[in-house]
Amino acid sequence: MKKDDVNALFLGPKSENEKFFKEMLIMMIDEHLQWRKDFHPDDKPAISTSEKKEEIYKETFERTKNALLELSSKLKESSMPWFSPRYLGQMNSDTLMAANLGYMSTILYNPNNCAYEGGPATTSMEIEVGKQLAKMLGYDPKKAWGHITAGGTIANYEGLWMARNAKSFPLAVKEVMPELVKGKSDWQLLNMTTDEILDLIDKTKAGSKFDEVRNHSIRGIGTQGGKFGKVLVPQSKHYSWPKAADILGIGQENFINVQVGSDFRMDIEHLKSTIDNFISKKIPIMAVVTVLGTTEEGAIDKVDEVVKLRDEYQKQGISFYLHIDAAFGGYARTIFLDEDDQFMEYDEMIQKLLEAEVMEINWPKKDVYNAYKATGQADSITVDPHKMGYIPYAAGAYVARDKRILDLISYFASYVLEEGMVNSPTLLGSYILEGSKPGATAGAVWTAHKTIPLNMTGYGRIIGRSVEGAERLYDALKKSEYLEVKGKKFLITPLVSPDFNIVCFAFNEEGNKSLQAMNDLNGRIFDQCSYKSGKVFKDDFITSKTELDFKHYGDAPKKFVMECGIPGDEWDKVKSVRVIRSCVLTPWLISNTNYLQYWGSFLHSMKKALEKIG
Ligand SMILES: *Cc1c(COP(=O)(O)O)cnc(C)c1O
């Protein structure tokens with residue numbers, strides 16, 4: 001057996017840890033009950049013993065109980081069994097006991113992290129968690145700042161919000177304090193590096209004109225029809241990005257897709273030619289977004305090459321804000337950190353992961369490694385505790401490399417507060433997109449991070465198991481090549497060799513040359529193995545699907561379609577391919593559990609589905 005604690009971290013697919021879970025929950029409820037009693041112990045109770053005996057009192061309890069039972073039956077009837085290793089669909093899995101207990105315990109106090117007084121304990125926890133995430137992602141926690149958002153979507157909004165306001169700041173300085181940017185052209189001001197802009201913030205503060213400058217920046221004067229440049233995102237982006245561009249007034253015409261290759265990673269050559277094209281027309285680049293773990297394929301963009309490209313452009317006087325959308329892949333950086341939280345050398349890492357039995361496979365690919373190594377050089381990062389952090393909803397996070405950037409969006413004179421206040425701001429709501437927000441989420445993330453180290457000895461082990469499960473599924477699909485049903489052969493083709501823990505694949509009947517027919521086939525298999533079947537509790541396996549179409553991906557899927565045995569001109573005609581998509585977040589699909597047999601039965605359930613649809 002592996003020497004690890006992952007088994008003790010989750011309730012378990014069969015509620016194996018129910019005794020501990022109940023004990024902890026009751027312990028925390030008792031703690032809360034006593035806390036109430038200890039507040040002015042001499043105060044008389046508000047509800048008397050005789051009142052508690054009244055009929056209406058009992059009736060009310062009964063109504064509450066019935067409502068709860070109805071709630072339970074509704075939940076049980078239709079909820080997805082995310083806790084089960086048979087669930088290989090969306091980015092869901094069981095959540096950590098520490099997090100669930102932390103959440104449920106905190107909610108009894110109902111803290112609100114909008115303002116410090118609404119949740120003193122949980123506001124500090126939120127800022128502490130922000131620093132932990134900053135460190136995990138390769139930032140200097142003393143300089144960085146991060147906080148919990150309602151999800152990756154909100155964190156992405158914050159990222160683009162910062163980028164947008166930063167871009168306009170130097171021009172505002174020119175209006176109000178021209179002496180600070182003497183001799184610089186507008187083009188140069190629109191191409192200042194993020195660090196130079198942050199230094200400018202300090203200088204305007206020293207001249208006590210920061211507020212005035214900020215009012216001349218984009219938040220005072222508006223976005224002005226693309227004057228502040230283009231936002232470049234890969235085709236594989238999450239749909240929160242076009243929404244962000246809309247909300248922030250960037251305009252869809254300034255929101256530019258960069259092609260992805262047949263590996264579904266951002267095409268660096270295309271990124272470069274896109275930038276070159278704009279700067280040759282004197283159009284600045286406001287921001288570049290790169291994705292660590294795409295939502296549909298789990299692809300890891302080559303962050304290191306994007307960083308390198310930015311650094312090269314900076315030498316030529318061109319700069320842009322760089323944001324990493326690591327909503328999905330961010331926590332996997334824990335696998336790369338040794339027991340002292342140091343980022344490991346590649347060979348050392350592979351060796352250590354095997355020795356410590358974090359994984360029984362060789363992972364990662366070298367370019368995935370290089371991407372994770374470079375994250376600390378971006379200006380900000382989105383990371384979702386409610387995805388690979390195994391925390392219940394709603395927990396995303398925005399993390400910035402340099403906390404000075406907060407002043408660009410704050411609606412409170414944060415800069416007049418002393419340094420210490422930024423660590424636990426009195427009004428968090430003024431530095432972030434949201435207002436009132438649950439302290440319970442911070443309680444959940446904090447408790448999980450307290451229990452599980454953010455390195456290979458903790459989270460790395462959980463995520464290592466998830467990655468290993470995905471690799472094993474990929475291998476099983478590759479090995480089986482085809483399934484034979486009623487004398488017909490159905491070929492299985494994986495989309496790509498996974499960078500991370502999502503496995504996409506498609507079936508095609510041998511000899512079929514019609515893409516439409518192949519899409520129909522995979523659609524019908526999905527219907528048999530997903531929420532669409534209407535009987536998820538009876539299904540052997542639950543998967544998800546996705547459509548890769550020309551509108552979003554250009555011709556990137558064409559190579560895969562041809563690998564499935566479909567002629568290329570079919571793609572040119574149909575321009576969309578449907579794939580079955582399995583996010584393997586579960587930690588239970590590894591060699592030392594019973595579930596290894598499940599790969600056989602996973603394929604068997606696909607076969608059953610094929611039999612059914614005939
Ligand atoms: C999930 C995801 C998001 C959005 O996060 P939510 O938490 O669902 O709001 C953004 N980007 C990527 C890459 C994602 O996978």
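In each ligand, atom 1 is the first atom listed, and ligand 1 is the first ligand listed. Residue numbers start at 1 and run along the sequence shown.
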Quiz prompt | atom 10 (C) of ligand 1: the protein heavy-atom neighbour that sits closest, reported with distance to 0.1 Å | solution = H238 CG, 3.3 Å
Practice problem: Around atom 14 (C) of ligand 1, find the nearest protein heavy atom and jot down its residue, atom name and distance. | Solution: K387 NZ, 2.9 Å
Self-check item: Derivation and outcome, side-chain hydrogen bond (donor to acceptor under 3.5 Å, both in side chains), residues R581 and T543
Solution: CA-CA 6 Å; R581 166 175 169 269; T543 60; over 6 Å; no
Quiz prompt | Contact with ligand 1 for G293, non-hydrogen, under 4.0 angstrom | solution = yes
Exercise. Say whether K237 and ligand 1 are in contact under the criterion: heavy-atom distance to a ligand atom below 4.0 Å.
Key: no
Exercise. Answer yes or no: does atom CD of E253 have more than 12 heavy-atom neighbours from other residues, nucleotides or ligands under 6.0 Å?
Key: no
Quiz prompt | Residue K545 excluded, over 12 heavy atoms near NZ under 6.0 Å | solution = yes
Could you tell me which atoms of ligand 1, counted from 1 in the order shown, lie closer than 4.0 angstrom to a heavy atom of [X]?
X	result
M91	15 (O)
F328	15 (O)
A327	2 (C), 3 (C), 10 (C), 11 (N), 12 (C), 14 (C)
G152	4 (C), 5 (O), 6 (P), 7 (O), 9 (O)
D384	5 (O), 6 (P), 7 (O)
N156	10 (C), 11 (N)

Practice problem: Let me know which of Y346, F343, Y459, Y331 forms a ring pair (Phe, Tyr, Trp, His ring centres under 6.0 Å) with F336. | Solution: F343
Quiz item: Between K365 and D499, is there a salt bridge with N-O shorter than 4.0 Å?
Solution: yes
Practice problem: For D402 and W145, test the side chains for any donor-to-acceptor distance below 3.5 angstrom and give the result as yes or no. | Solution: no
Quiz item: Do E297 and T294 have a side chain donor and acceptor closer than 3.5 Å?
Solution: yes
Exercise. Please state which part of T153 comes within less than 4.0 Å of ligand 1, counting heavy atoms only: side chain, backbone, both or neither.
Key: both
Practice problem: Could you go through the side-chain contact (heavy atoms from CB on, under 4.5 Å) check for W571 and V577 one step at a time? | Solution: CA-CA 8 Å; W571 167 259; V577 62; 4.2 Å; yes
Quiz item: Taking N or O atoms only and a 3.5 Å limit, does T294 qualify as a polar contact for ligand 1?
Solution: no
Exercise. Decide whether an N or O pair under 3.5 Å exists between D325 and ligand 1.
Key: yes
Quiz item: Checking side chain to side chain donor-acceptor pair (under 3.5 Å) against Y553, which of E296, E547, Q235, K558 comes through?
Solution: E296
